[in-house]
Amino acid sequence: MAFVQQSSPHAHKARPTSRVMLWVLIAALPGLLAQTLFFGWGNLINVVFCIALAIASEAALLKLRKKPVAFFIKDNTAAVTGLLLALSLPQFAPWWVSAVAVISAIVVAKQLYGGLGSNPFNPAMVGYALVLVSFPVAMTTNWAEPAMLWDGAPGFGETLATIASGQQTAVDGWTMATPLDEYKHKITTHTATEVLNHPTFGEGIARGWEWVNAAFLAGGLLLIALRIITWHIPTGFLGGMIVMSLAFGNNADLYAPLSLHLLAGGTMLGAFFIATDPVSAATSHQGKLIYGAGIGILIYLIRTWGNYPDAVAFSVLLMNFAVPFIDHYTPPRTYGHHKARRGVPGSQG
């Protein structure tokens with residue numbers, strides 16, 4: 001009898017990987033709905049395109065590797081990678097930018113490492129970081145204005161035509177800098193009051209962005225309630241960011257306030273959906289807290305003193321590098337022992 005060998009993650013209960021990933025897809029729907037409501041059709045179009053391309057890319061590589069295509073495709077991990085990329089990319093990103101990101105994530109960051117369970121880095125963030133570094137114009141000038149600021153919001157057809165045209169530059173009247181980017185570049189020559197008077201901030205924190213983050217927070221809490229993920233990585237992630245902001249960002253005339261860090265970027269998507277990838281994240285509860293805190297700290301450092309206004313992808317990838325070290329020193333307690341044994345088995349005399 002032939003058996004199909006699978007690497008981690010392994011389900012400990014009657015909950016296959018496909019069902020876990022399906023719940024991740026479902027939990028992300030409120031965030032996608034909020035993005036569509038406040039920023040137009042771009043993210044929804046990107047979601048359909050990226051998921052379809054991710055599944056097709058994975059099927060092609062599995063075929064080349066002589067693996068059972070249907071068996072691996074139905075685990076829904078390729079769909080989740082496509083979804084996370086589509087939710088992270090600018091609303092009017094050209095189709096070829098999305099294609100490069102998806103193919104890089106599936107082919108390079110996942111399948112060439114051996115497939116699910118063998119990739120040391122978060123595939124979606126590898127794809128995102130690659131296009132951000134390679135195509136900075138397309139990745140920074142195609143963010144949609146909040147829909148309530150548009151003078152005649154583009155419909156589905158117009159948005160689809162803009163994405164399909166492949167133009168790298170922004171569409172006048174439809175796009176603007178993200179709130180974090182706006183604040184980062186304007187605060188050097190303006191006061192916080194003057195910067196926050198920009199229309200993108202509205203009367204709240206960041207027009208539309210706070211509701212998108214609230215929707216992803218709600219979806220993330222659902223995943224915790226269903227025990228799809230644990231609370232450790234999101235808590236460490238948000239805790240690290242909050243501590244750094246309280247320690248260094250108490251002067252809004254110099255640095256973005258905590259409210260913007262939490263609700264004006266990809267924070268909640270990163271904390272609950274990206275950083276919690278079960279393959280590339282730390283494994284023990286203590287390790288997850290350290291891993292999440294490291295991501296939150298790095299995000300604050302890069303946002304505040306680096307060249308990128310939002311830094312979830314780079315921070316996650318840097319902490320992916322540290323996961324073997326974290327796991328080495330934070331193993332879970334072995335059943336029947338009072339204290340976890342540290343290090344490699346057999347290395348202690």
Any donor-acceptor N/O pair, T304 side chain to L301 backbone, under 3.5 Å:
no
If I compare all heavy atoms of P94 with all of N142, which pair ends up nearest, and what's the gap?
CD-ND2, 4.1 Å
Apply the test side-chain contact (heavy atoms from CB on, under 4.5 Å) to residues W231 and L289: give CA-CA distance (whole Å), side-chain angles for both, the deciding distance (0.1 Å), then the verdict.
CA-CA 9 Å; W231 57 268; L289 285 170; 3.9 Å; yes
May I ask you to decide if G287's main-chain N or O and D327's side chain share a donor-acceptor pair within less than 3.5 Å?
no
Hey, what do you get for NZ (K67) to CG (L62), rounding to the nearest 0.5 Å?
8.5 Å
Between atom CD1 of I233 and atom CD1 of I274, what is the distance when rounded to the nearest 0.5 Å?
12.5 Å
Take a 6.0 Å sphere around CG of N251 and say whether it holds more than 12 heavy atoms from other residues, nucleotides or ligands.
yes
Roughly how far apart are L180 CG and L263 CG, rounded to 0.5 Å?
10.5 Å
Given Y255, which partner from the list Y183, F248, W305 fulfils the ring-ring contact (aromatic ring centres under 6.0 Å, His included) test?
W305
Output yes when a side-chain donor or acceptor of S134 lies under 3.5 Å from a complementary backbone atom of L130, and no otherwise.
yes
Donor-acceptor under 3.5 Å (E210 side chain, G208 main chain):
yes
Flag, side chain of N197 to backbone of T193, donor-acceptor distance under 3.5 Å:
yes
May I ask you to check whether F237 and F272 place their ring centres under 6.0 Å from each other?
no
Whether the side chain of N43 engages the backbone of A86 through a donor-acceptor N/O pair (distance < 3.5 Å, no angle test) should be reported.
yes
Give the C-alpha distance, both sets of side-chain angles, the deciding distance and a yes or no for side-chain contact (heavy atoms from CB on, under 4.5 Å) between L269 and L84.
CA-CA 8 Å; L269 175 63; L84 294 180; 4.2 Å; yes
If we ignore hydrogens and angles and just use 3.5 Å, is the side chain of T188 paired with the main-chain N or O of K184 as donor and acceptor?
no
Taking the basic N atoms (NZ, or NE/NH1/NH2) and the acidic carboxylate oxygens, is any pair closer than 4.0 Å for E58 and K110?
yes
With side-chain contact (heavy atoms from CB on, under 4.5 Å) as the criterion, how do S98 and L85 come out once you've worked through the C-alpha distance, each side chain's angles and the decisive distance to 0.1 Å?
CA-CA 8 Å; S98 302; L85 271 170; over 6 Å; no
Just by distance, do the side chain of S104 and the backbone of G127 share a donor-acceptor pair under 3.5 Å?
no
Do N250 side-chain atoms and L246 backbone N/O form a donor-acceptor pair below 3.5 Å?
no
Tell me whether the count of non-hydrogen atoms from other residues, nucleotides or ligands lying under 6.0 Å of CZ in F135 goes above 12.
yes
V195 versus F201: any side-chain heavy-atom pair under 4.5 Å?
yes
Quick check for you: to the nearest 0.5 Å, what is the distance between I228 atom CD1 and L223 atom CG?
6.5 Å
So H285 and H232, would you call those rings parallel, tilted or perpendicular, with 30° and 60° as cut-offs?
parallel
Which class fits the ring pair F273 and F216: parallel under 30°, tilted 30 to 60°, perpendicular over 60°?
perpendicular
Can you classify the ring geometry of Y300 versus H261 as parallel (below 30°), tilted (30 to 60°) or perpendicular (above 60°)?
tilted
Chi angles and distances behind the side-chain contact (heavy atoms from CB on, under 4.5 Å) call for L89, M139:
CA-CA 7 Å; L89 292 168; M139 288 293 290; 3.7 Å; yes
Side-chain (N320) to main-chain (N122) donor-acceptor, under 3.5 angstrom:
yes
Member of W143, F92, W209 meeting the ring-ring contact (aromatic ring centres under 6.0 Å, His included) criterion with F39
W209
Got a second to check how far T140's OG1 is from D310's CG, nearest 0.5 Å?
13.0 Å
From CD (Q91) to CG (N46), nearest 0.5 Å:
8.0 Å
Determine, stepwise, if the pair S245 / R303 fulfils side chain to side chain donor-acceptor pair (under 3.5 Å).
CA-CA 11 Å; S245 186; R303 283 179 177 178; over 6 Å; no
Polar contact flag, side-chain donor to acceptor under 3.5 angstrom, S280-D277:
yes
